[in-house]
Visitor: 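Dumping the structure here so I can ask a few things about it.
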Number of protein chains: 4
Amino acid sequence: MPKLKPDTQRARREHILDAAEHCFARSGFHRCTMQDICKEASVSPGALYVYFSSKEALIAGIAERNRADFAARFADLADSGDVVQALRSLAQHYFVDEPAHKQLMFVEIGVEATRNPQVGEIYRSVDEFCSASFEALFERLKAEGRINPELDVLSLSRVFEVIGDGLFWRRATDPNFDAARTIPAVMRTIETLLGAPLQSPQAAPRMVAKEARQ
Amino acid sequence: MPKLKPDTQRARREHILDAAEHCFARSGFHRCTMQDICKEASVSPGALYVYFSSKEALIAGIAERNRADFAARFADLADSGDVVQALRSLAQHYFVDEPAHKQLMFVEIGVEATRNPQVGEIYRSVDEFCSASFEALFERLKAEGRINPELDVLSLSRVFEVIGDGLFWRRATDPNFDAARTIPAVMRTIETLLGAPLQSPQAAPRMVAKEARQ
Amino acid sequence: MPKLKPDTQRARREHILDAAEHCFARSGFHRCTMQDICKEASVSPGALYVYFSSKEALIAGIAERNRADFAARFADLADSGDVVQALRSLAQHYFVDEPAHKQLMFVEIGVEATRNPQVGEIYRSVDEFCSASFEALFERLKAEGRINPELDVLSLSRVFEVIGDGLFWRRATDPNFDAARTIPAVMRTIETLLGAPLQSPQAAPRMVAKEARQ
Amino acid sequence: MPKLKPDTQRARREHILDAAEHCFARSGFHRCTMQDICKEASVSPGALYVYFSSKEALIAGIAERNRADFAARFADLADSGDVVQALRSLAQHYFVDEPAHKQLMFVEIGVEATRNPQVGEIYRSVDEFCSASFEALFERLKAEGRINPELDVLSLSRVFEVIGDGLFWRRATDPNFDAARTIPAVMRTIETLLGAPLQSPQAAPRMVAKEARQ
DNA sequence: GATGAATGAGGCTTCATTCAT
DNA sequence: AATGAATGAAGCCTCATTCAT
């Protein structure tokens with residue numbers, strides 16, 4: 001039989017990955033069986049194993065794609081002229097537009113990274129990229145005099161990471177997560193941290209009681 | 001072997017729970033087998049099943065204990081006169097003194113809560129308790145004029161939760177987590193959020209570069 | 001500790017046997033656990049094993065008692081002057097007075113006899129005793145001229161056994177077993193077989209439609 | 001291995017059912033393990049579970065097949081012109097030609113029917129079909145004047161059932177079952193019950209001693 | 001390349017039996 | 001003698017993976 005065209009191959013792979021993501025999100029990596037995924041993708045086990053050599057490989061594939069996507073979006077942040085606005089739209093995407101189960105996927109990948117070296121490597125590489133991006137960004141902002149010049153860039157980056165992680169966790173984990181209240185409050189915190197209202201003063205008024213009424 | 005004294009029974013239960021926590025932390029709820037736990041606890045399957053009627057029950061037991069412990073420690077926070085100091089020591093406990101794998105347990109429980117109703121209930125009840133505690137605490141601090149009177153208590157609570165979650169996640173997930181840098185930085189953020197150095201001004205100097213050198 | 005008086009011992013044994021019979025009747029030999037029996041008898045496993053060395057032994061004990069009881073009742077039959085009346089009262093006992101689950105016990109023992117040599121021996125010995133009793137009885141009745149002198153005693157015995165077995169089976173197995181209709185009909189069959197109304201003519205009229213109305 | 005043809009599927013199912021019947025007959029439903037059956041059928045557990053979703057389902061499958069076969073053979077009886085001859089050949093089949101262990105299967109199913117609702121339903125449906133067939137048959141014979149017109153059809157049916165059950169039981173249970181003596185004797189009893197030699201007078205001489213010598 | 005039936009190791013759990021107290 | 005917690009072999013079933021077609 002003639003080899004499938006590379007495009008078809010790639011499409012098939014993505015299709016399987018989509019199905020797997022669905023199933024994994026629905027029931028978690030370990031509760032989800034290969035049969036579930038085959039059914040979801042309308043593909044036979046034999047076919048699936050042509051594209052992914054094992055369940056681990058499938059998980060790694062999911063992690064790869066998920067993290068690559070995140071890295072791509074995150075990369076824009078550092079290049080952005082209006083950082084706060086960029087953060088805001090990142091937040092909109094991950095914590096409002098995308099369904100919660102996608103964030104649960106993120107969390108699940110992070111946990112898997114802890115025990116599965118292959119996933120660990122993928123996860124850590126993106127994490128380190130984010131750290132480095134933050135640091136570069138703050139260094140730049142500092143050099144440009146746009147944030148408090150006394151700030152410690154490394155520490156600031158760590159705090160940003162913690163806040164980002166916390167948001168992912170909340171969004172993934174708390175069915176009552178209230179984006180409308182939490183995200184603006186977090187944004188204001190960030191502005192405070194940076195020491196100035198920055199680029200979007202009109203969008204981020206001080207965090208005071210009368211304005212935060214939901 | 002006449003009836004075990006209730007104390008012994010409880011001790012045995014705790015012993016098994018300890019072993020299970022070890023195993024679960026090492027390999028995750030679903031990669032860890034009952035036999036692993038039996039071996040870790042030096043107990044036969046039959047004996048284990050005297051104390052826990054199923055693997056689910058064991059997971060629920062772990063969740064229960066872990067969360068109850070957290071709730072107890074957290075409860076002290078609200079009663080504490082020196083909130084910042086109390087936060088600091090909570091952080092010291094969870095992010096420095098305790099081994100990382102305990103925090104991984106926390107994370108694993110949170111993920112499990114998403115899929116397993118029994119664990120979900122345990123998890124959510126503690127989460128709600130924390131939310132309520134934060135709100136009560138900030139309300140009190142506000143009434144006492146110890147924090148910025150313009151702050152929105154609800155939003156502030158949400159931000160605190162996000163920061164707490166993020167710290168748990170980082171600690172659990174990042175083998176290079178740098179407590180020495182991250183925790184002070186987070187504490188300073190918190191103080192900033194509250195609008196004043198509060199009770200422990202000497203312990204939380206401004207977050208400036210020269211002090212944060214690693 | 002001083003040895004229990006033989007009487008107490010025997011009583012304890014019977015008590016356990018009673019409990020076991022209950023459980024076995026309720027759920028069958030193999031679905032019933034030793035714990036079930038312990039609970040039913042309010043006895044600890046350790047104590048039970050003092051009286052019965054294994055589950056097999058307990059089953060054998062049940063079989064022994066059940067069959068011995070049957071043999072005793074059956075023995076009366078052969079000695080009885082009024083055979084038909086004796087049969088009638090035996091039928092009354094086993095198929096009306098005793099609950100169906102006791103007959104299910106009988107059946108279960110018969111099946112067990114097929115695979116368990118110890119039970120097999122018990123079962124077969126009673127069965128052979130019954131065969132021999134029937135043969136002796138019919139021989140006697142024949143000699144006394146009370147039944148058709150042309151009858152073949154061996155064949156007649158076989159038929160009787162088949163009918164007896166069938167009744168046990170029906171009673172044990174059919175929740176809608178209608179004793180009021182079946183037993184009289186069977187009794188009339190038996191009289192027909194024996195070739196004469198025998199001793200109780202008034203009690204066993206011919207089997208005709210108008211009389212058999214329930 | 002593309003989809004098996006329905007025929008092959010059915011054959012595979014039957015093959016497994018055969019193996020299971022062997023094992024069950026040999027050691028009883030509850031002593032027989034799924035592994036035993038797999039070995040007997042030369043099939044892996046996984047394959048077995050493609051065809052039967054549980055041990056219960058396998059038992060139900062056995063019951064279904066066994067009873068359906070019986071019902072089919074029994075159905076012929078009612079249609080038969082020569083009832084006695086039909087009975088005779090049914091008896092030949094079940095109590096002579098077929099090995100005893102098949103009848104033990106019958107018995108085991110009847111016992112299981114008592115505890116297992118699914119099997120109970122199968123068993124009872126066939127039993128009721130037999131009752132109804134007997135009643136219809138006797139009604140017809142009566143209407144045609146071929147049996148004693150005074151007989152009570154219901155009672156007669158009950159007696160027939162009892163005799164049939166008894167024969168199954170004996171055949172299943174008694175390793176010394178003497179078909180050569182018992183079956184003719186039972187047949188003669190039946191003829192007597194029906195009130196006339198009926199269709200096959202030459203085949204069923206009176207039950208007298210000189211003929212029944214073993 | 002695809003199919004899907006088949007494999008078989010291994011997971012969770014039960015339960016007859018033992019034995020320290 | 002009695003207790004009941006403990007043992008551990010074994011049972012039922014699942015599921016990642018393979019392979020004949």
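In what follows, every chain begins at residue 1, and chains take the letters A, B, ... in the order their sequences are listed.
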Visitor: Any side-chain N or O of C/S44 less than 4.0 Å from the OP1 or OP2 oxygen of F/dG4?
Guide: no
Visitor: Could you check how far CZ of B/F52 sits from P of F/dA5, rounded to whole Å?
Guide: 15 Å
Visitor: Do C/E108 and C/H30 meet the criterion of a side-chain donor-acceptor pair at a distance under 3.5 Å?
Guide: no
Visitor: For D/Y49 and F/dC12, give me the distance from atom OH to atom P, rounded to whole Å.
Guide: 7 Å
Visitor: Of D/I62, D/N66, D/I37, which is the lone residue that meets side chain to side chain contact (heavy atoms under 4.5 Å, CB included) with D/L17?
Guide: D/I62
Visitor: The test is side-chain contact (heavy atoms from CB on, under 4.5 Å); show your working for D/I109 and D/I122 and say whether it passes.
Guide: CA-CA 10 Å; D/I109 290 166; D/I122 295 166; over 6 Å; no
Visitor: Looking only at side-chain N and O atoms, does D/K3 come under 4.0 Å of OP1 or OP2 in E/dG4?
Guide: no
Visitor: Using a cut-off of less than 4.0 Å, is there contact between a side-chain N or O of A/R12 and OP1 or OP2 of E/dG1?
Guide: no
Visitor: Answer with base, sugar-phosphate or nothing: what part of the nucleic acid does B/Y51 contact at a heavy-atom distance below 4.0 Å?
Guide: sugar-phosphate
Visitor: So which nucleotide from F/dC13, E/dT13, F/dA2 ends up closest to the side chain of B/S54?
Guide: E/dT13
Visitor: When the nearest nucleotide of DNA chain E is assigned to D/L48 and to B/G46 on a heavy-atom basis, which residue is associated with the more 5' position?
Guide: D/L48
Visitor: If you look at every heavy atom in C/I59 and C/V119, which pair is closest and at what distance?
Guide: CG2-CG2, 3.9 Å
Visitor: Output the pairing pattern of DNA chain F as a dot-bracket string, 5' first, Watson-Crick or G-U wobble with both distances under 3.5 Å, | for cross-strand pairs, [ ] for crossing pairs.
Guide: .||||||||||||||||||||
Visitor: Take B/S42 and D/E56, find for each the nucleotide of DNA chain F with the closest heavy atom, and name the residue whose nucleotide sits nearer the 5' end.
Guide: B/S42
Visitor: Of the listed nucleotides (F/dA5, E/dG4, E/dG8), which one gets closest to any side-chain atom of D/P45?
Guide: E/dG8
Visitor: So, for A/Y51 and A/R13, which heavy atoms are closest and what is the spacing to 0.1 Å?
Guide: O-NH1, 3.5 Å
Visitor: Looking at every heavy atom in both D/Q35 and D/P45, which two are closest together, and how far apart are they?
Guide: NE2-CG, 3.6 Å
Visitor: Please report the distance, rounded to the nearest Å, between CG in D/L4 and P in E/dA2.
Guide: 21 Å
Visitor: Does CD in B/Q9 sit with more than 12 non-hydrogen atoms of other residues, nucleotides or ligands closer than 6.0 Å?
Guide: yes
Visitor: Grab the two heavy atoms, one from D/A113 and one from D/Y123, that are nearest each other, plus how far apart they are.
Guide: CB-CB, 3.6 Å
Visitor: Under 4.0 Å from any atom of DNA chain E, heavy atoms only: list the residues of residues 24-41 of chain D that qualify, in numerical order.
Guide: none
Visitor: Over how many whole Å does the gap from D/R13 atom CZ to E/dA6 atom P extend?
Guide: 14 Å
Visitor: Salt-bridge test for C/D36 and C/K39: reply yes if a basic N is under 4.0 Å from a carboxylate O, no otherwise.
Guide: no
Visitor: Nearest to the side chain of C/A47, which nucleotide is it out of F/dA6, F/dT3, F/dA16?
Guide: F/dT3
Visitor: Whole angstrom is fine here: how far is it from CD in C/Q9 over to C1' in F/dA2?
Guide: 13 Å
Visitor: Using every non-hydrogen atom in the two residues, find where D/P175 and D/T173 come nearest and quote the distance to one decimal.
Guide: CD-O, 3.3 Å
Visitor: Over how many whole Å does the gap from A/K55 atom NZ to F/dC15 atom C1' extend?
Guide: 9 Å
